[in-house]
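Presented below is the structure to which this report refers.
Just the heavy atoms: all of them, side chains too, but no hydrogens, waters or symmetry mates, feed the values below. Counting starts at 1 for both ligands and their atoms, following the listed order.
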Amino acid sequence: MGDDNKPVFSDAPCIWCGDCVKVCPTNAWSEAKRGYTVRIGGKWGRNPLVGSLFATFLPEDRVVEFIAAVLEWYKLKAEGLGRIRLGDTIIKEGPQELLGHLRNRFPEYTVAETIAPQIIATQIGK
Ligand code: SF4
């Protein structure tokens with residue numbers, strides 16, 4: 001609590017999930033804008049990856065166009081590499097490659113910086 005006995009909001013750890021807006025019993029929070037948070041490159045399987053953040057507040061009517069742009073980049077970069085997955089392609093090329101591609105078409109929604117998909121340590125094969 002702050003000096004005024006009200007909760008103190010910390011922006012840094014907020015992931016914009018919107019759950020506080022949905023559950024606030026007094027409607028103290030309201031949404032100023034709405035859209036999808038886009039994480040790319042995640043997968044399960046033997047070598048799972050956590051997808052990384054590429055866009056925020058992507059409007060619903062631009063989602064298909066956004067996915068098509070990702071697949072266009074993937075097709076170009078994965079050409080001739082066999083069964084390489086999208087997340088592994090991002091790691092190989094570097095996340096800034098895909099981010100730049102998306103920023104050209106969706107400058108208002110792409111994040112300023114991102115990281116490569118993160119490898120999850122599993123016990124498979126151990
Ligand atoms: S519930 Fe979600 S949107 Fe609300 S403060 Fe926590 S992380 Fe942010």
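- Protein heavy atoms are found inside the 4.0 Å sphere centred on atom 4 (Fe) of ligand 1.
- Both Leu102 and Tyr36 belong to a single network of hydrophobic side chains, linked directly or stepwise wherever heavy atoms of I, L, V, M, F, W or Y lie under 4.5 Å apart.
- Within a radius of less than 2.8 Å around atom 4 (Fe) of ligand 1, the protein N, O or S atoms are Cys20 SG.
- For Asp19, the salt bridge (charged side-chain N to carboxylate O under 4.0 Å, His left out) test picks out Lys22, with sequence neighbours left out.
- Looking at residues two or more places apart in sequence or on another chain, you find a ring-ring contact (aromatic ring centres under 6.0 Å, His included) between Phe106 and Phe66.
- Atom 7 (S) of ligand 1 has as its closest protein heavy atom Ile15 N, 3.5 Å.
- Other residues, nucleotides and ligands contribute over 12 non-hydrogen atoms within 6.0 Å of the CD atom of Glu31.
- Of all non-hydrogen atoms in Gly87 and Pro117, the two that sit nearest each other are O-CG, 3.9 Å.
- In this view, Ile15 and Cys17 satisfy the side-chain contact (heavy atoms from CB on, under 4.5 Å) rule, not counting sequence neighbours.
- Every atom of ligand 1 with a heavy atom of Phe9 under 4.0 Å away is listed here by number and element: 5 (S).
- Rounded to the nearest 0.5 Å, atoms CG (Leu58) and CD (Glu65) are 8.5 Å apart.
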